[in-house]
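Following: one structure in structure tokens, then a few remarks.
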Protein chains: 2
Amino acid sequence: MPKLGMEPIRKAALVQATITEIGRTGSLEVTVSQIAKRAGMSSALAHHYFGGKEALFLAAMRHVLSLYGAEVRGALLSAAGPQARITAILRASFSPTNFRREVVGAWLNFYVLAQTVPEAKRLLAIYQRRLRSNLLHDLRPLSGARAGELADGLGALIDGLYLREVLKDGPPDGEAAVACARAYLDSHLKEPSL
Amino acid sequence: MPKLGMEPIRKAALVQATITEIGRTGSLEVTVSQIAKRAGMSSALAHHYFGGKEALFLAAMRHVLSLYGAEVRGALLSAAGPQARITAILRASFSPTNFRREVVGAWLNFYVLAQTVPEAKRLLAIYQRRLRSNLLHDLRPLSGARAGELADGLGALIDGLYLREVLKDGPPDGEAAVACARAYLDSHLKEPSL
DNA sequence: TTTTTTGTTGATTGACGAGTCAATAAACTT
DNA sequence: AAGTTTATTGACTCGTCAATCAACAAAAAA
């Protein structure tokens, strides 16, 4: 039965299954067997391809981060002007793809992972820096010197909205989150001179 | 050696040790033995007094939440007027007591716990409701109809600032966090009529 | 003084889970 | 055809950990 060229397929399936399982159980206490089973293979194969649980987690994290990054980049392509670009970033952050319970749950647990695993911390730091730099780029023309604090605040607000989504029951509402973040911005941008 | 009336002392020590260990390792994967050792007793005694690991976690959570609540209440006593009261809440939230790596790490993991343990979810929900109600009480006289959204946004921002603290290295800076939250508020309160 | 209650632990149990390995099989290479 | 590489798994090892238990000690109650 063994067909060749399985490696990328298996790996992709495992990464997806990892995200799903972490999101489903809401914790990192998932067994390699659970993940492998969901991905339709034995746990031994998961070890074969990834070498260990931690590497699997990190691969899943990279995947989520890269999906998010791609979505932001995509949204930025069709946005002209600072205002539109910032809105695009927010839309991407709270898009149905990213703002799903499963994915949000995974994010939360990546933060936990970052406390123990340096590589996870590094990855999250990269995400934060990139977000900040993106926001800064478009905030500077709008608010000048204050752009720095604004970007920091907005970043924290986004993370906070994610965090709260974890606890909420009922379906996710990305629109509301975008509105909240926009309100934060708009009120800050109202004063022209000071 | 056994002296009587040990129960409350042992329990308090265990709760404290639990928070410390969760904060130190940054995860819920702490063994009862670790906790008991830090609290200066055998793991069997921990089981004797709390019945199980989960109950111990919940007790720790209640303790953190109640400390936080007490600090907020205390700060509110010496605050007159909505503006001062809101500032007091922010100060308490980011006070050196609560805004320590150890405690912040514990909070993060309580969010994770809330995904699996209904009682943990309930406790966090109570905290969120109380914070919201406190903010609302003082935002209404300041911003009227918008108070609702404002309270939600501010709540999320506070959580987000906590979350970011987890990743940061270097000592915690509560002042900066308070400033950020105040900035959020001030800009929102600037428009008198709309 | 016996008995009961409270405090305490070392040793044990039982489950579970990460990682390894030997074995099997299909596909490619020579 | 013989040998190599890739895919795949069941069975096993080894460690860890929550939870239990039997036993001991001291204080309080009887």
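For the numbers below, each heavy atom of this structure counts, side chains included, while hydrogens, waters and symmetry mates do not. Keep in mind that what you see is a predicted model, and the values were worked out from it rather than measured. Letters A, B, ... mirror the listed sequences (proteins, then strands); counts begin at 1.
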For B/Glu21, enumerate each residue passing the salt bridge (charged side-chain N to carboxylate O under 4.0 Å, His left out) test, keeping only those at least two apart in sequence or located in another chain. B/Arg24, B/Arg38

Identify each donor-acceptor pair in which a side-chain atom of residues 135-145 of chain B lies under 3.5 Å from a protein atom, sequence neighbours left out, and give them as a table.
residue	atom	partner	partner atom	Å
B/Asp138	OD1	B/Arg85	NE	2.8
B/Asp138	OD2	B/Arg85	NE	3.0
B/Ser143	OG	B/Leu139	O	3.3
B/Ser143	OG	B/Ala147	N	3.4

Give the rounded distance in Å between these two atoms: CE of B/Met6 and P of D/dA25. 19 Å

Which residue pairs pass the side-chain hydrogen bond (donor to acceptor under 3.5 Å, both in side chains) test when at least one of the two sits in residues 26-37 of chain A, sequence neighbours left out? none

Axis-to-axis angle between the two ends of the helix from C/dT1-D/dA30 to C/dT30-D/dA1 (five base pairs per end, rounded to 10 degrees): 20°

Write out all pairs satisfying salt bridge (charged side-chain N to carboxylate O under 4.0 Å, His left out) with one or both partners inside residues 7-16 of chain A, taking only residues at least two apart or from two chains. A/Glu7-A/Lys11

Using side-chain heavy atoms (C-beta onward) and a distance below 4.5 Å, is B/Cys180 in contact with B/Leu161? yes

Applying side-chain hydrogen bond (donor to acceptor under 3.5 Å, both in side chains), which residue pairs with at least one partner in residues 48-61 of chain B are found, sequence neighbours left out? none

Salt bridge (charged side-chain N to carboxylate O under 4.0 Å, His left out): pairs with one or both residues in residues 170-182 of chain A, sequence neighbours excluded: A/Arg182-A/Asp186

What nucleotide among D/dT9, C/dC28, C/dT8 has an atom nearest to a side-chain atom of B/Tyr49? C/dT8

Of all residues at least two apart in sequence or in a different chain, which pass the ring pair (Phe, Tyr, Trp, His ring centres under 6.0 Å) check with B/Phe99? B/Phe94, B/Tyr162

Rounded to whole angstroms, how far apart are CG on B/Leu45 and P on D/dA25? 17 Å

Could you state the atom-to-atom distance from CZ of A/Phe57 to C1' of C/dA18 in whole Å? 12 Å

B/Leu4 CG to C/dT8 C1', in whole Å, measures 13 Å

Nearest whole Å is fine: how far is C/dT9 P from B/Lys37 NZ? 14 Å

Can you give one letter per nucleotide of nucleotides 16-24 of chain D, going 5' to 3': B for a protein heavy atom under 4.0 Å from the base, S for sugar-phosphate only, - for none? -SSBBB---

Is a donor on one side and an acceptor on the other found under 3.5 Å between the side chain of A/Asn98 and the backbone of A/Ala92? yes

Restricting to salt bridge (charged side-chain N to carboxylate O under 4.0 Å, His left out), what partner residues turn up for A/Glu119, sequence neighbours left out? A/Arg62, A/Arg122

Sorted by number, the residues of residues 7-25 of chain A with heavy-atom contact under 4.0 Å to DNA chain D: A/Glu7, A/Arg10

Between CE of B/Met41 and P of C/dT8 the distance, given in whole Å, is 8 Å

Please name all residues satisfying ring pair (Phe, Tyr, Trp, His ring centres under 6.0 Å) with A/Phe110, sequence neighbours left out, ordered by chain then number. none

